[in-house]
K.L.:
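Below you will find the structure I want to go over with you.
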Amino acid sequence: MIAAPDRTPLAREFFDRPVLDVAEDLLGRLLVRNTSEGPIELRLTEVEAYAGEADPGSHAYRGRTPRNDVMFGPPGHAYVYFTYGMWHCLNAVCGPEGRASGVLLRAGEIIQGAELARKRRLSARNDKELAKGPARLATALDVDRALNGTDLCAGPDSPLRLLHGVPSRSDQVMNGPRTGVAGEGGVHPWRFWIADDPTVSPYRPHTPRKRRT
DNA sequence: ACGTTGATTAACT
DNA sequence: GTTAATCAACGTC
């Protein structure tokens, strides 16, 4: 007998904790996107923690700007940023207000609305690739900066929410270095994923860019 | 391995 | 005000 996942939203207090605790605890939870065509639901399988202004890997490292403003606000809200001229990535803001920590939602398994996700991810060769990577996840769920600042703890009519779902057992949670983070920020094993899950993205080390002369 | 693409920001005038 | 380097990535080669 398998218990049905808990479909109540995560409470504000869930996010108002140290970011590493929140990151690990988010694995197995449900991310629900209400689109005009219907809901898309995703079970989180991979995340990364970003620890505020002291973290060289964080957008907040150089202080508060219009772009990262949401990270400095109250926990439990969505921080969506645009990167590489093409893609969006989705984070959940954590910790006490002003701390500017957050969890990047890197990958997941689409468990409902796959037909809607496939329409947005035409290059995906199979359903396991629909949300295998942070920009793929955002694309599959039709997340862009219009959703920046969305309250993830709100009611069922909200466009983007995080529900309790079925949290992963701690003995299935792996951790290691973050993807693509250079220098001292790269030493922290702050990437968390569910062991042996086929929707987890491959690890990619930081690639230094060529300096233009 | 390489090209794509544009917001953001530091470093200039 | 203007410029140029940077960037938590993906798709195609």
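This is a predicted model, so every value here is computed, not measured. Residue numbers begin at 1 in each chain, while the letters A, B, ... track the order of the sequences.
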K.L.:
Would you say A:Thr179 reaches C:dA9's phosphate, i.e. side-chain N/O to OP1/OP2 under 4.0 Å?
P.N.:
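Indeed not, no polar side-chain atom of A:Thr179 lies that close.
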
K.L.:
Check whether any side-chain nitrogen or oxygen of A:Ser123 sits under 4.0 Å from OP1 or OP2 of C:dG11, and answer yes or no.
P.N.:
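So the side-chain polar atoms of A:Ser123 do come within 4.0 Å of the phosphate oxygens OP1 or OP2 of C:dG11, strictly under.
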
K.L.:
Rounding to a whole Å, what distance do you find between A:Arg125:CZ and C:dG11:C1'?
P.N.:
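The distance from CZ of A:Arg125 to C1' of C:dG11 comes to 10 Å, rounded to the nearest Å.
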
K.L.:
Send over the distance from A:Arg178 CZ to C:dC7 C1', rounded to a whole Å.
P.N.:
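To the nearest whole Å, that distance equals 15 Å.
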
K.L.:
Output yes when A:Glu37 and A:Lys119 qualify as a salt bridge under the 4.0 Å nitrogen-oxygen rule, no when they do not.
P.N.:
yes

K.L.:
On DNA chain B, check which nucleotide each of A:Arg145 and A:Trp87 is closest to and give me the residue with the more 5' one.
P.N.:
A:Trp87

K.L.:
What's the closest nucleotide to the A:Ala135 side chain, out of C:dA8, C:dC10, B:dT8?
P.N.:
C:dC10

K.L.:
For a quick check of understanding: with a heavy-atom distance under 4.0 Å over all strands, which category does A:Thr65 fall into, base, sugar-phosphate or nothing?
P.N.:
sugar-phosphate

K.L.:
From C-beta outward on A:Glu48, which listed nucleotide comes closest to its side chain: C:dG11, C:dA8, B:dT8?
P.N.:
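Minimum distance to the A:Glu48 side chain belongs to C:dA8.
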
K.L.:
Among the candidates C:dG11, C:dA9, B:dA7, find the nucleotide nearest to the side-chain atoms of A:Arg136.
P.N.:
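Side chain of A:Arg136 sits closest to C:dG11.
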
K.L.:
Does a donor on one side chain and an acceptor on the other come within less than 3.5 Å for A:His59 and A:Tyr50?
P.N.:
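Their side chains do not contain a donor-acceptor pair, so the 3.5 Å distance test is not met.
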
K.L.:
With A:Arg120 as reference, evaluate A:Thr35, A:Thr139, A:Asp142 under the side chain to side chain donor-acceptor pair (under 3.5 Å) test and give the passing residue.
P.N.:
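Option passing the side chain to side chain donor-acceptor pair (under 3.5 Å) with A:Arg120: A:Asp142.
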
K.L.:
By centroid distance (under 5.5 Å) and plane angle (under 30°), are A:Tyr84 and C:dA9 in a stacked arrangement?
P.N.:
yes

K.L.:
So, does the side chain of A:Tyr50 form a donor-acceptor pair with the base of C:dA8 at under 3.5 Å?
P.N.:
yes

K.L.:
Please give, in whole Å, the distance from C:dC7 C1' to A:Asn68 CG?
P.N.:
14 Å

K.L.:
Write down the distance between OH (A:Tyr81) and C1' (C:dC7), rounded to a whole number of angstrom.
P.N.:
9 Å

K.L.:
Nearest whole Å is fine: how far is C:dA8 P from A:Asn148 CG?
P.N.:
16 Å

K.L.:
Would you give the length of the straight line joining atom CZ of A:Arg33 to atom CG of A:Leu116, rounded to the nearest 0.5 angstrom?
P.N.:
10.5 Å

K.L.:
Can you figure out which of B:dA7, B:dT5, B:dT9 approaches the side chain of A:Met86 most closely?
P.N.:
B:dT5

K.L.:
Defining pairs by Watson-Crick or G-U wobble geometry with both distances under 3.5 Å, how would you list the stems of DNA chain C with at least three pairs each?
P.N.:
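The stems are B:1-4 with C:9-12, B:6-12 with C:1-7.
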
K.L.:
What does A:Arg191 touch in the nucleic acid at a heavy-atom separation under 4.0 angstrom: a base, only the sugar-phosphate, or nothing?
P.N.:
nothing

K.L.:
Using a 4.0 Å heavy-atom cut-off across all strands, classify A:Arg121 as base, sugar-phosphate, or nothing.
P.N.:
sugar-phosphate

K.L.:
Can you figure out which of C:dA9, B:dA10, C:dT12 approaches the side chain of A:Arg62 most closely?
P.N.:
B:dA10

K.L.:
Between C:dC10 atom P and A:His88 atom NE2, what is the distance in whole Å?
P.N.:
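It works out to 13 Å between those atoms.
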
K.L.:
For residues 124-133 of chain A, which side-chain N or O atoms pair as donor and acceptor with protein atoms under 3.5 Å away, sequence neighbours left out?
P.N.:
residue, atom, partner, partner atom, Å
A:Arg125, NE, A:Glu129, OE2, 3.4
A:Arg125, NH2, A:Glu129, OE2, 2.9
A:Asn126, OD1, A:Lys128, N, 2.9
A:Asn126, OD1, A:Glu129, N, 3.2
A:Asp127, OD1, A:Arg118, NE, 2.9
A:Asp127, OD2, A:Arg118, NE, 3.4
A:Asp127, OD2, A:Arg118, NH2, 2.8
A:Glu129, OE1, A:Arg125, N, 3.1
A:Lys132, NZ, A:Pro198, O, 3.2

K.L.:
Does a salt bridge link A:Asp151 with A:Arg161, judged by any charged N lying under 4.0 Å from a carboxylate O?
P.N.:
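Between A:Arg161 and A:Asp151 there is no salt bridge, as every charged N stays at least 4.0 Å from the carboxylate O atoms.
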
K.L.:
Between A:Asp197 and A:Arg43, is there a side-chain N and carboxylate O pair less than 4.0 Å apart?
P.N.:
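Here A:Asp197 pairs with A:Arg43 in a salt bridge, since their nearest N and O are under 4.0 Å apart.
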
K.L.:
Tell me: CE of A:Met71 to C1' of B:dT8, nearest whole Å?
P.N.:
15 Å

K.L.:
Can a donor-acceptor pair be found between the side chains of A:Glu48 and A:Thr179 at a distance below 3.5 Å?
P.N.:
yes

K.L.:
Roughly how many Å is it from OH in A:Tyr61 to C1' in C:dA8, rounded to a whole number?
P.N.:
16 Å

K.L.:
Between A:His59 and C:dC7, does any side-chain N or O lie under 4.0 Å from OP1 or OP2?
P.N.:
no

K.L.:
Pull up the glycosidic torsion of C:dA8 and say syn or anti, syn being anything within 90° of 0.
P.N.:
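What C:dA8 shows is a syn base, its glycosidic angle lying within 90° of 0.
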
